[in-house]
Protein chains: 2
Amino acid sequence: MIETPISPGSESGARQPGPTFAPLYRQIQALLLRSLQQGEWKPGEAIPSETELAARYRVSQGTVRKAIDELAAGNLLVRRQGRGTFVASHHEVRTQFRFLRIRPDEAGDERPEADRAPLLSRILECRRLRAPVEVARQLRLRSGEPVVQIRRLLELEQPAVLDEIWLPGARFRGLSAERLSAYSGPLYGLFEAEFGTRMIRATERLKAIAADRSLARSLKVPEGSPLLLVERLSFTYEDQPVELRRGYCVTARHHYYNELN
Amino acid sequence: MIETPISPGSESGARQPGPTFAPLYRQIQALLLRSLQQGEWKPGEAIPSETELAARYRVSQGTVRKAIDELAAGNLLVRRQGRGTFVASHHEVRTQFRFLRIRPDEAGDERPEADRAPLLSRILECRRLRAPVEVARQLRLRSGEPVVQIRRLLELEQPAVLDEIWLPGARFRGLSAERLSAYSGPLYGLFEAEFGTRMIRATERLKAIAADRSLARSLKVPEGSPLLLVERLSFTYEDQPVELRRGYCVTARHHYYNELN
DNA sequence: TAGTGGTCTAGACCACCGT
DNA sequence: CGGTGGTCTAGACCACTAA
């Protein structure tokens, strides 16, 4: 099966420089993106070789290459010399620390490698309910639509993070506390494997707040203790928001790590 | 003047695939980096065109292009179609918000554009002293070497951030409270223009802490209030650390914004 | 050894910018 | 208009991986 993008100028018809003009490699990129989204290639699998894709789309290898380059830069694909190009997966170690920014103060100053930290995740709750207004707004649901709420405790040594997670109910049917507890490994790994939902990017807002009674009890800190609140909105393909998460972190022996480039 | 990198394989001598092998475009990149560091082209200025550079280094335009691509991706250079390639500068609006991550809660949800926020910076103190152990360690100085310490208050509406900044004394001779107060605009703009020191990248560690008496007074919040502590280490060329900064932020009406890709 | 991604070249043409 | 960066091609060779 051959999909044909607009032909390049030197071959036949010309691209229209009109208002919707996009370079060839971006069109290829969009086609690749569509295939990824539709699951033509699954996370962890290899996509066709550059030569194959060039033939399929009837463009030069260089053009395919540039399309893939950007997707790889965006962490959607992973290039491996001599082996092929693979669909990125949250199961890989390399991808892990892209979203987990809380680190122990002493360890992993910059290299979160060989890090077999005893990261324990304890599911406290998993229930379905109608989306509160603010949650609905951020997830772009109608307020009152069903959502899944998860509460879990992350322990890196001491109890460190209490997460409150909201997910669209429709997309995450059949998600239960049992299923969550049975699964070991990153949450996003489960989401991608069991629900076909891959988190692509996220925005975060951080604040310092004082622990209320409930948080204090869960995290075993005095009431009023300063906590780091990390509010995250995660997106899948097409910039669809699919997870709202509020993490309350004890930062006595941990910190949130960030790099500015 | 012509500088000659190792010739490409197809032309004459071959690159040695030895342990120190680097592709041609990386060698060009290193040469460009050296010119940038040595100030051959100043921030805001244009560097020579791709064709010129290709001639100078005796490589093809495509190779120069790839070298520049990566430097542009790292925010060291800025490409402008039809005009040329320019040395990035902290004076440009585009670069501003790369390092300033504190935002008002309501505004600038994702687009920090057209943002003429009344950002007031009041210098409280600027003095020279001997580097405390921890500061010396992070700035890679011998403990006791001279450093400049700056304290300043940033007001976005209410007083919002108290910054404590340490700089290597040798690199920042002649820096004074007067000079700082006289300068309006981003601090890093002053550093790059007056001291030839351009901040390239930074690492940050964030924690939630309780305001002690001194902080409480400066920021006009009750003692014990939760504050967001942002500890930043900034680097210039060659991964030289040249600024240590501790920012204490009131996050009642502001937050720290971050994007995960 | 065959196949993959990675580098490099040379040349053509296009889009954008200032003059 | 001329110069700049941006796109696209075709072909060569290299480095890495797995069978």
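Labels below follow one simple rule: chain letters A, B, ... track the order of the sequence lines, proteins then strands, and each chain is numbered from 1. Small disclaimer: the values here were computed from a predicted structure and weren't measured.
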- Choose from dC8(D), dT9(D), dC8(C) the nucleotide whose nearest atom is closest to any side-chain atom of Ser60(B). dC8(C)
- Residues touching DNA chain C, which here means a heavy atom under 4.0 Å, drawn from residues 63-74 of chain B: Thr63(B), Lys66(B)
Mind calculating the distance between [atom1] ([X]) and [atom2] ([N]) to the nearest angstrom?
X        : N       : atom1 : atom2 : value
Phe86(B) : dG5(D)  : CZ    : P     : 9 Å
Ile28(B) : dG6(C)  : CD1   : C1'   : 17 Å
Leu77(B) : dT4(D)  : CG    : C1'   : 15 Å
Gln61(A) : dC8(C)  : CD    : P     : 15 Å
Tyr25(B) : dC14(D) : OH    : P     : 18 Å
Arg26(A) : dG6(D)  : CZ    : C1'   : 11 Å
Tyr57(A) : dC8(D)  : OH    : C1'   : 18 Å
Leu53(A) : dC8(D)  : CG    : P     : 16 Å

Among residues at least two apart in sequence or on other chains, which ones pass salt bridge (charged side-chain N to carboxylate O under 4.0 Å, His left out) with [X]?
X         : result
Arg171(B) : none
Arg152(A) : Asp163(A)
Glu194(B) : Arg179(B)
Glu231(B) : Arg246(B)

Filtered N/O pairs between nucleotides 1-4 of chain C and protein, under 3.5 Å:
from, atom 1, to, atom 2, distance (Å)
dG3(C), N2, Gly82(A), O, 2.9
dT4(C), O2, Gly82(A), N, 3.4

- Task: Would you work out how much the helix from dT1(C)-dA18(D) to dG18(C)-dC1(D) bends between its ends, with each end axis defined by five base pairs, to 10 degrees?
- Result: 10°
- Side chain to side chain, Tyr188(B) and Thr197(B), heavy atoms closer than 4.5 Å: no
Report the residues that fulfil side-chain contact (heavy atoms from CB on, under 4.5 Å) with [X], sequence neighbours left out, ordered by chain and then residue number.
X         : value
Ala193(B) : His91(B)
Asn75(A)  : Arg98(A)
Arg101(B) : Asn258(A), Leu260(A), Tyr256(B), Asn258(B)
Phe86(A)  : Ala46(A), Arg80(A), Arg83(A)

- Tyr57(B) and Thr63(B): CA distance, side-chain angles, deciding distance, side-chain hydrogen bond (donor to acceptor under 3.5 Å, both in side chains) verdict: CA-CA 10 Å; Tyr57(B) 297 132; Thr63(B) 301; over 6 Å; no
- Query: Residues in ring-ring contact (aromatic ring centres under 6.0 Å, His included) with Tyr237(A), at least two apart?
  - Reply: none
